[in-house]
Amino acid sequence: PKIVGDTPSKPSGGAEEIVWSADSENVYFALRVADKNEALSTNFDIYRSHQNYDSAQNLTPDNKATDTLPAASPDGKYLYFLSNRKATNQLFRMALPQGIVAQPAQQVSQFKTDISGFKLSPDGKLIAIWGDIARECLSFDCEKDGDRSKPGPGTMPIRLSPSITVSRQPGASVVTM
């Protein structure tokens, strides 16, 4: 079936919502379907479109929230993306389907606050992440007075600190700056 929607998304999406596979055979993109519910919908899904086909396959149909910012691993085995399916924006990974059946996504990060973006290293072994965290906090796992680290005024999208924390997660290393 034909899919109607905008990618990059409107009004504020960008090129980070579209990515090629390592072998240039597929393009992955985030899209919210343009239908009668579009104005109120937060349901963005990740789609795959093969260069030789007219249709696109929804890889994340079961999540009715936002899946966005796809990034294919350099070895072509995995697709990483941000999703708020667990209440906060976290990093997820799925094995790229070789056929028509998409694999379930696995949560890679488990921070107490939202991740705003990420970038895979060229070898795919490390992932840099960033997001807004409370001004007084030094990491995504900060809890201040029992609060869940709400963004404070003056926070910056990338928090650089003298130390870099590397936490080993199943199947990936997450680097927080």
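Every value quoted in this text rests on a predicted model; they were computed, and no experiment measured them. FYI, side chains are in, hydrogens and waters are out, and symmetry mates aren't considered; it's all heavy atoms of this structure.
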Discussion item. Quick check: closest heavy atoms across A72 and S21, and the distance to 0.1 Å?
Written reply: CB-CA, 4.2 Å
Taking only distance into account, with no hydrogens and no angle test, what donor-acceptor pairs under 3.5 Å do side-chain atoms of residues 27-36 form with protein atoms, sequence neighbours excluded?
{"residue": "R32", "atom": "NH1", "partner": "S41", "partner atom": "O", "Å": "3.2"}
{"residue": "R32", "atom": "NH2", "partner": "K10", "partner atom": "O", "Å": "3.4"}
{"residue": "D35", "atom": "OD1", "partner": "N37", "partner atom": "N", "Å": "2.9"}
{"residue": "D35", "atom": "OD1", "partner": "E38", "partner atom": "N", "Å": "3.3"}

Item to complete: Taking all non-hydrogen atoms of both residues into account, name the closest pair between P74 and S121 and its distance.
Response: CG-O, 4.0 Å
Fill in: Contact list for residues 78-90, test salt bridge (Lys or Arg N to Asp or Glu O under 4.0 Å), sequence neighbours left out
D67-R85
Worksheet entry | Shortest non-hydrogen contact between N84 and A65, atoms and distance | OD1-CB, 2.9 Å
Item to complete: Sequence neighbours left out, what pairs pass salt bridge (Lys or Arg N to Asp or Glu O under 4.0 Å) with at least one residue falling in residues 15-30?
Response: none
Fill in: Stepwise side-chain hydrogen bond (donor to acceptor under 3.5 Å, both in side chains) check, N89 with S116
CA-CA 7 Å; N89 282 337; S116 298; over 6 Å; no
Item to complete: Keeping the roles fixed (side chain from T66, backbone from S83), state whether a donor-acceptor pair exists under 3.5 Å.
Response: no
Discussion item. So Q90 and L82, do their side chains get closer than 4.5 Å, heavy atoms only?
Written reply: no
Fill in: Contact check, side chains of L96 and Y78, non-hydrogen atoms, under 4.5 Å
no
Response to the item:
Heavy-atom nearest pair, L69 first then G117, reads CD1-CA, 4.2 Å
Worksheet item: Taking C-beta and beyond as the side chain, do F92 and V108 meet within less than 4.5 Å on heavy atoms?
Response: no
Practice prompt. Following the transitive rule for hydrophobic clusters with a side-chain heavy-atom cut-off under 4.5 Å over Ile, Leu, Val, Met, Phe, Trp and Tyr, establish whether L120 and I115 coincide in one cluster.
Written response: yes
Practice prompt. Would you indicate whether the side-chain heavy atoms of L59 and D45 approach each other to under 4.5 Å?
Written response: no
